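Since this is a predicted model, take the numbers as computed values, not measurements. Both ligands and their constituent atoms are indexed starting at 1 by order of listing. Basis for what follows: all heavy atoms, side chains included, without hydrogens, waters or symmetry-related copies.
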Amino acid sequence: LITDVRLRRVLDSRGNPTVEADVLTQSGGFGRAAAPSGASTGEYEAIELPPSEAIAAARRHAIPRLVDEVHAGNQREVDGALRAADGTDNFSEIGANSAVAISMAAAKAGADVLGAPLYQHLGGAFRGENFPVPLGNVVGGGEHAKEATHIQEFLAAPVGAPSVSEAVFANAAVHARVSEILDENGTPAAKGDEGAWAPPISDAEAFDVVDQAVSDVSDELGFEIGFGLDMAAAELYDEDEGGYVYGDDVKSTAEQVDYVADMVAEYDLVYVEDPLDEDDYEGFAELTDRVGEQTLICGDDLFVTNVERLQEGIDAGAGNSILIKPNQIGSLSDAFDAVELAVRNGYDAVISHRSGETEDTTIAHLAVATDAAFIKTGTVQGERTAKLNELIRIADDAV
Ligand code: PGA
Ligand code: ZN
């Protein structure tokens, strides 16, 4: 039984305050988790309140429904109590940041009571044996780094790596190789919010730099490393401008679809996230028709980890994979429901960090528990390596 829930403001990786939750149980169980925070947030995400407001509201409404009422190990009951305390469909009353921190902390407390690692508690005895492939952000711009590329993320995808550990180190090697190439080209770069290089170069140049880095490291390590993108196209789309804005170049929806299909062909892209605006199910469906056989077309801002939006996408044939960010929807139960609906309909799940992160490692456990195809959690920097190193420990069964 939950005996106490403590909430506090802690720092995230951008230096902004975020919500951290501690959950304590009668039998001595303890769990701690913190909410991440986006910069290129989707319009349809659950609501993140200023942390002090979210904490005050959760203390008033949610904690009384949890303490001495609910078992930490019963995730559906914990998350049901959070939903009931909030009373809205987007957590605008207690904040998705308070909700997700409590939801994840309760899961950890539940695992602690059982003496099981979190991935085992969440995934259960019939969990699959696969490990997720880490997508490593190596060059980026958009909302994560001004004056860099228009496309938000250029990702390494070590699909041929024989182990999680080798995949994680492959991404770090691509990140390092990108830096060398940028130096050789006379365009040394600072880093964006997620630790990716943020060079002042065009998207076209970035494609070539990442393509070269990926193929150099792939040759050196002797296994296949794919190339992917998060275009975060909702941030590029401007209705008044009539399309997707790349500096002076504006692409219509049809041109955007052609552009992405051309890049898929030219660079053999294995993964493209948010290639179109967050309202454009039709454009997603058209692109999926054209390249979905060879490439994962993933909805992040399109689906926002929401089963209703995902169902709409399934019905329309929009995309073939979904990004899962627990804080987009506010609870682990909702995130699990989204994964389940996705998998039942042949969509791959990609478990993801946010651009604003903490040392919290829940998503590494979530990716293993759900048998997710990929995990997107950066490449370097402490708040990213926290998850990657946890993944290595899980694979080593040393958690
Ligand atoms: P965000 O970006 O966390 O800033 O929303 C990550 C993403 O778009 O995948
Ligand atoms: Zn995204």
| Sub-4.5 Å side-chain heavy-atom contact between Ile394 and Phe131 | yes
| Starting from atom 5 (O) of ligand 1, which protein heavy atom do you reach first, and at what distance in Å? | Arg354 NH2, 2.7 Å
| query | What residues form a salt bridge (charged side-chain N to carboxylate O under 4.0 Å, His left out) with Asp280, not counting sequence neighbours? | reply | none
| request: In plain terms, say whether Asp12 and Arg354 are close enough for a salt bridge, that is, a side-chain N and a carboxylate O under 4.0 Å apart. | output: no
| remark: protein heavy-atom neighbour closest to atom 7 (C) of ligand 1 works out as Lys325 NZ, 3.1 Å
| request: Could you tell me whether any N, O or S atom belonging to Asp230 is less than 2.8 Å from the Zn ion (ligand 2)? | output: yes
| What residue and atom, counting heavy atoms only, is the protein's closest point to atom 8 (O) of ligand 1, and at what distance? | Gln152 NE2, 3.0 Å
| request: Answer yes or no for Asp300: is there an N/O/S atom below the 2.8 Å cut-off from the Zn ion (ligand 2)? | output: yes
| query | Does any N or O atom in Asp300 lie less than 3.5 angstrom from one in ligand 1, N or O only? | reply | yes
| query | By number and element, which atoms of ligand 1 are closer than 4.0 Å to a non-hydrogen atom of Asp230? | reply | 7 (C), 8 (O), 9 (O)
| task | Taking the six-membered ring for Trp and the single ring otherwise, decide whether the centroids of Phe154 and Tyr267 are under 6.0 Å apart. | result | no
| query | Heavy atoms, side chains only, cut-off 4.5 Å: are Ile375 and Pro134 in contact? | reply | yes
| Nearest-option assignment for atom 9 (O) of ligand 1, heavy atoms, candidates Lys376, His353, Glu235 | Lys376
| field | Mode of Asp274 contact toward ligand 1 - side chain, backbone, both, neither (heavy atoms, under 4.0 Å) | value | neither
| query | How does Ala232 reach ligand 1, if at all, at less than 4.0 Å between non-hydrogen atoms: by side chain, backbone, both, or neither? | reply | neither
| message | Tell me whether the Zn ion (ligand 2) has Glu273 as a neighbour, meaning an N, O or S atom of it below 2.8 Å. | response | yes
| Taking only heavy atoms of Gly38, which atoms of ligand 1 are found under 4.0 Å from at least one of them? | 1 (P), 3 (O), 4 (O), 5 (O)
| said: Classify the ring geometry of Phe303 against Tyr281: parallel below 30°, tilted from 30° to 60°, perpendicular beyond 60°. | reply: tilted
| Mind checking whether Ala39 has an N or O less than 3.5 Å away from an N or O of ligand 1? | yes
| message | Using a 3.5 Å distance criterion without hydrogens, assess whether the side chain of Asn320 forms a donor-acceptor pair with backbone atoms of Thr295. | response | yes
| remark: Among non-hydrogen protein atoms, atom 3 (O) of ligand 1 lies closest to Ser355 N, 2.8 Å
| said: I'd like to check Tyr259 versus Asp249 (side-chain heavy atoms, cut-off strictly below 4.5 Å). Are they in contact? | reply: no
| Within a reach of under 6.0 Å around CZ of Arg8, are more than 12 heavy atoms found that belong to other residues, nucleotides or ligands? | yes
| Does a side chain donor of either Ser37 or Glu48 reach within less than 3.5 Å of an acceptor in the other side chain? | yes
| Is there a side-chain contact between Ile102 and Leu7, using heavy atoms and a 4.5 Å cut-off? | yes
| request: Can you figure out which of Glu273, His144, Glu143, Glu45 has its heavy atom closest to atom 2 (O) of ligand 1? | output: His144
| task | With heavy atoms under 4.0 Å as the rule, classify the contact between Glu153 and ligand 1 as side chain, backbone, both or neither. | result | side chain
| field | Contacting atoms of ligand 1, where contact means under 4.0 angstrom from a heavy atom of Ser40 | value | 1 (P), 2 (O), 4 (O), 5 (O), 8 (O)
